[in-house]
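The structure displayed is predicted, hence computed values, not measured ones.
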Amino acid sequence: MASTIETLKAVLERIAVDPRYHDLLSLVKTARNGAVYGAKVRFPHALVMVFLFRSGTIPQKCQLVFRATKKHASNLARFATIYKLAMLALKYYGPTPGKEGPLDSLFAGLLGGYLVFGQRSPRTGKISSVSQQIVIYIFARVCLGLAKIAVKQGAGLPIVSDEPLRSSISYYAWPAFASVSWGMVMLLFRYHPDELQSSLRSSMTYIYRDCDSWDSLRTLVWHNK
């Protein structure tokens, strides 16, 4: 039995390092890495948010943590697999077979984003909160990256990427962005709280609304309610 296992392990080891199977096995690894990263990122976040701000029994809270972690991990694993598969398909069957095209990553990302993060739940008809959080995070990073490229010397937009305007924009853009972002989110929270993402709304309610209510010294400084 032991020798059979060792033989099988040796065969799998040879397959794993064989260049002929590299592209196929890269699909396995990208799915694995997406799932692992998603679980690592979501589990501690969900654990803290659910146990601090959600009501319910401990088993119910554990189930919420598990569902959020599973959703995040599966989303990233599925997107990574679709993206990698699309990249390989475009590489071998695109306009220039054997070579990656300049827009292949865009088309692969569009496909993966639509199939994984753009779909509504068959049960509720809504986009999951986990998918919304991931997409909003990505969107923010894209905007920040594009803003940096816009003022990058040699690759940015005309005029704004040239000195001295470039230095002025780079210096003042972040304070202005931070100010506008916080001003707008507070305005939305004040007049349209239901339009904010649920976890953000819960956090802001805890900080900015619950501070107006207490009935004893205990609920003033020790417990919120």
Side-chain angles (χ1 to χ4, degrees), residues 1-50 62-123 127-150 152 154-156:
M1 181 67 177
S3 61
T4 303
I5 293 176
E6 289 299 321
T7 301
L8 179 60
K9 182 179 178 182
V11 171
L12 293 176
E13 186 71 28
R14 286 197 299 271
I15 293 174
V17 297
D18 192 328
R20 294 177 298 173
Y21 304 113
H22 176 270
D23 288 347
L24 180 62
L25 294 178
S26 70
L27 295 174
V28 176
K29 186 162 186 179
T30 196
R32 177 262 180 200
N33 286 0
V36 170
Y37 184 81
K40 284 183 176 181
V41 169
R42 177 57 58 171
F43 177 74
H45 176 268
L47 189 68
V48 171
M49 296 301 292
V50 168
C62 288
Q63 185 178 29
L64 288 174
V65 172
F66 173 76
R67 284 169 53 191
T69 303
K70 179 184 176 183
K71 183 67 174 177
H72 199 137
S74 65
N75 274 4
L76 289 187
R78 288 165 55 213
F79 176 85
T81 303
I82 293 171
Y83 173 80
K84 194 71 173 180
L85 188 60
M87 287 292 289
L88 290 173
L90 290 169
K91 177 181 178 181
Y92 290 109
Y93 302 104
T96 54
K99 292 180 62 178
E100 179 182 324
L103 297 179
D104 285 1
S105 57
L106 172 63
F107 294 135
L110 288 170
L111 179 63
Y114 176 78
L115 293 178
V116 178
F117 297 103
Q119 303 304 305
R120 298 180 181 274
S121 168
R123 182 174 60 86
I127 304 294
S128 76
S129 60
V130 172
S131 292
Q132 289 184 29
Q133 290 167 9
I134 295 172
V135 172
I136 290 170
Y137 173 82
I138 294 299
F139 177 77
R141 295 301 183 183
V142 168
C143 289
L144 186 59
L146 291 175
K148 289 181 177 180
I149 292 173
K152 188 175 182 179

Query raised in the report: Between atom NZ of Lys91 and atom OG1 of Thr96, what is the distance when rounded to the nearest 0.5 Å?
Result: 10.5 Å
Report task. Only pairs at least two apart or in different chains count here, so list each salt bridge (charged side-chain N to carboxylate O under 4.0 Å, His left out) that has a residue in residues 16-32. Result -> Asp18-Arg20
Query raised in the report: Which is it for Leu76 and Val41 under the side chain to side chain contact (heavy atoms under 4.5 Å, CB included) test, yes or no, and what are the steps along the way?
Result: CA-CA 11 Å; Leu76 289 187; Val41 169; over 6 Å; no
**Report entry** Exercise: identify the closest heavy-atom pair between Ala31 and Thr81
**Finding:** CB-OG1, 3.2 Å
Query raised in the report: Just how far is it from atom CG of Leu8 to atom OG of Ser3, taken to the nearest 0.5 Å?
Result: 11.5 Å
Query raised in the report: Do you know the tightest heavy-atom contact between Ala35 and Ala73?
Result: O-CB, 3.3 Å
Query - Which residues share a side-chain hydrogen bond (donor to acceptor under 3.5 Å, both in side chains) with Arg78, sequence neighbours left out - result: Asn75
**Report entry** Spacing of CG belonging to Leu47 relative to SG belonging to Cys62, to within rounding of 0.5 Å
**Finding:** 8.0 Å
Query raised in the report: Taking all non-hydrogen atoms of both residues, which atom of Arg42 and which atom of Ala68 are closest, and how far apart?
Result: CG-O, 3.3 Å
Requested in this report: Would you confirm whether Ser74, through its side chain, and Lys70, through its main-chain N or O, come within 3.5 Å as a donor-acceptor pair?
Outcome: yes
Requested in this report: Grab the two heavy atoms, one from Lys71 and one from Ser131, that are nearest each other, plus how far apart they are.
Outcome: CE-OG, 4.1 Å
Query - Value rounded to 0.5 Å, distance of OG1 in Thr30 from CG in Leu25 - result: 12.5 Å
Report task. Report yes if the side chains of Phe117 and Ser128 come closer than 4.5 Å at any heavy-atom pair, otherwise no. Result -> no
Query raised in the report: NE2 of His72 to CD of Gln133: how many Å apart, nearest 0.5 Å?
Result: 8.5 Å
Query raised in the report: Which pair of non-hydrogen atoms, one from Gly109 and one from Tyr83, has the smallest distance, and what is that distance?
Result: N-CD1, 3.7 Å
Query - Side chains of Leu88 and Leu27 in contact at under 4.5 Å (non-hydrogen atoms) - result: yes
Report summary line: When rounded to the nearest 0.5 Å, the distance separating CZ of Phe107 from CG of Leu110 is 7.5 Å
